[in-house]
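As structure tokens, the structure follows; a few thoughts come after it.
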Protein chains: 2
Amino acid sequence: MSDVAAYPVIAPARIPLQAPPAAARSPAIARASQKDGQRCTACSMRSICMPQGLTPREMQRIESFICPSRTIRQGETIYRANDSFQSIYAVRAGSFKTVVMHRDGREQVTGFHLAGDSLGLDGVCFGHHSCDAIAIEDSNVCIIPFHLLEAMCREVKAVQQHLHRIMGGEIVRESSQMMLLGTMSAEQRVATFLLNLSDRLRMRGYSPAEFHLRMTREEIGSYLGIKLETVSRMLSKFQRDGLVDIHGKDIRILDHERLVSV
Amino acid sequence: MSDVAAYPVIAPARIPLQAPPAAARSPAIARASQKDGQRCTACSMRSICMPQGLTPREMQRIESFICPSRTIRQGETIYRANDSFQSIYAVRAGSFKTVVMHRDGREQVTGFHLAGDSLGLDGVCFGHHSCDAIAIEDSNVCIIPFHLLEAMCREVKAVQQHLHRIMGGEIVRESSQMMLLGTMSAEQRVATFLLNLSDRLRMRGYSPAEFHLRMTREEIGSYLGIKLETVSRMLSKFQRDGLVDIHGKDIRILDHERLVSV
DNA sequence: CGAAACCTTGACTGAGGTCAAAACGTGTGG
DNA sequence: CCACACGTTTTGACCTCAGTCAAGGTTTCG
């Protein structure tokens, strides 16, 4: 618990009333279960997924309609493309990938979603989802019925603005990914991926220099628009050049500066 | 006016009170000025940019805060990256590209926006825009102050849902563009681009088979993540294969089926 | 402990990038 | 109305980065 000394340990919240399922033995879930918290108020992800400055009453109102959280085992989906859209999801623990698929079988990872991220907004437009959301480790999500969230948005400005910021953030994130896919070399893509992940872990209180990849080389490659062999070659190259230290899925960033300037 | 017989001519709306500026001589603006309409009620883009089933009162309310439309000449911007975000824009006539830029000068077209499309939502998340919106022909936009739109969303469910659909649509559009950039061959990208443009023109009442490109090969290439020479080569190839008939920027789609199956 | 999934590395290939030159269009000013 | 200049497009020749295929090593999980 103190091996990440410099970074606060993520505290958990909204543990389901039932005894934790078998899956809770996995690290991510276990982490989320360390402390007992039933409410958003106590959730460490609050600062990411909830607006600031709500009154206790408003807070309670939100908690009242957030469904009991759900545990999703590695490889399982929260929703699939064409599933009817009812709710959005906030990742409480674990991580997910979203995958879009073309009829011809071509498929692409469009995002990795860590604790505190939202999932499911792709369904807002057409009332059905446009991608699969798949757990890449045993995970846990809050379920937020969208029509209730919309109702709340009509009453509380801060909630409305927060939802708009989340949706707007998704738009900006995707357009910077389009820039990566459209203009960067394989080397730059992999460097950008590592730096981006590092940033997001730092914002969540984890070490930005040392972390464990939850996804395979193939998933990274799909996300970056390159092949898994190319991902591997670039990582090896960074290793040779002393920018990173890599053992399988364990990453240590040695030279942040030079990684930025790749 | 009847040379597109099978497709209804797009009617205009919300012409500014002042005499039309010099720019109004250009085709897109002239088209928008053919009929005199001061209100959204009369705007042909209504079905695209306004929700269905508003009461006259609600309609009036919206019209009351939409600012006088603004004319933007080819090459001019509505907003630039880092400009403070105040309003979103609905394209009334003409077309735009949005361009994101990296510090190192790399830049990429992230979208083309036709009459009826919205612009500016990239600013919602951080309060400043993350791309430039540049007119690729003389154009005209409605200006919708975002905080007033948000206020209206709190009062009228239909307006709220419409905004959410527009934002959600942007998310879906971008993720399918990520799939294009991540997995398709140059040939498929260009075919997809033509088909997509054709679809959007059809939905706006124009011929889906015959149209005029407003953008250069370089802008198309940037949008598709390939070089302008490659765009040109693919178009020539489609021409040789009898899929399209191309003269400069005038496109005629001859074999929609085979274009789909590229 | 063994099977399956995942990762690394090498050799070869090819799609698309780069560079260059010429053709085409369009708007401007004489 | 023409001529010129500039931006745009096309096409060819060549090159390179990343994809493909293959083989062997490592990790993970039942």
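- Aromatic ring centres of B:Phe112 and B:Tyr223 lie closer together than 6.0 Å.
- Taking a heavy-atom distance under 4.0 Å as the criterion, the stretch of DNA chain C touched by chain B extends 5' to 3' from C:dG16 to C:dC19.
- Here the side chain of A:Glu174 pairs no donor or acceptor atom with the backbone of A:Ile171 at under 3.5 angstrom.
- When each of A:His212 and A:Ser185 is assigned the nucleotide of DNA chain D bearing its nearest heavy atom, the one mapping closer to the 5' terminus is A:Ser185.
- Counted by atom type alone, B:Ser95 and B:His113 present zero donor-acceptor pairs between their side chains at under 3.5 Å.
- Atom CD of A:Glu218 has 12 or fewer neighbouring heavy atoms from other residues, nucleotides or ligands inside a 6.0 Å radius.
- Contacts of residues 227-239 of chain B with DNA chain D (heavy atom under 4.0 Å): B:Leu228, B:Glu229, B:Ser232, B:Arg233, B:Ser236.
- The aromatic rings of A:His129 and A:Tyr79 lie parallel to each other, with less than 30° between the two planes, well short of the 60° mark.
- For the pair A:Glu187 CD and D:dC17 C1', the computed distance is 11 Å after rounding to whole Å.
- Whole-Å rounding puts the A:Ile246 CD1 to D:dT27 P distance at 14 Å.
- If you take CD of B:Glu219 and C1' of D:dG7, they are 12 Å apart, rounded to a whole angstrom.
- Applying the 6.0 Å contact sphere to CZ of A:Arg258 captures more than 12 heavy atoms from other residues, nucleotides or ligands.
- Note: CD (B:Glu218) to P (D:dT10) measures 13 Å, nearest angstrom.
- If you measure from atom CZ of B:Arg214 to atom P of D:dT8, you get 15 Å, rounded to the nearest angstrom.
- The local environment of CZ in A:Arg106 is crowded, with over 12 non-hydrogen atoms from other residues, nucleotides or ligands closer than 6.0 Å.
- Nearest approach of B:Val100 to B:Ser130, heavy atoms of both residues: CG1-O, 3.8 Å.
- Between the side chains of A:Asp250 and A:His212, at least one donor N or O lies within less than 3.5 Å of an accepting N or O.
- For the pair B:Arg240 CZ and D:dT10 P, the interatomic distance rounds to 12 Å; values are reported in whole Å.
- Straight-line distance from the CG atom of A:Leu224 to the P atom of D:dC17: 19 Å, rounded to whole Å.
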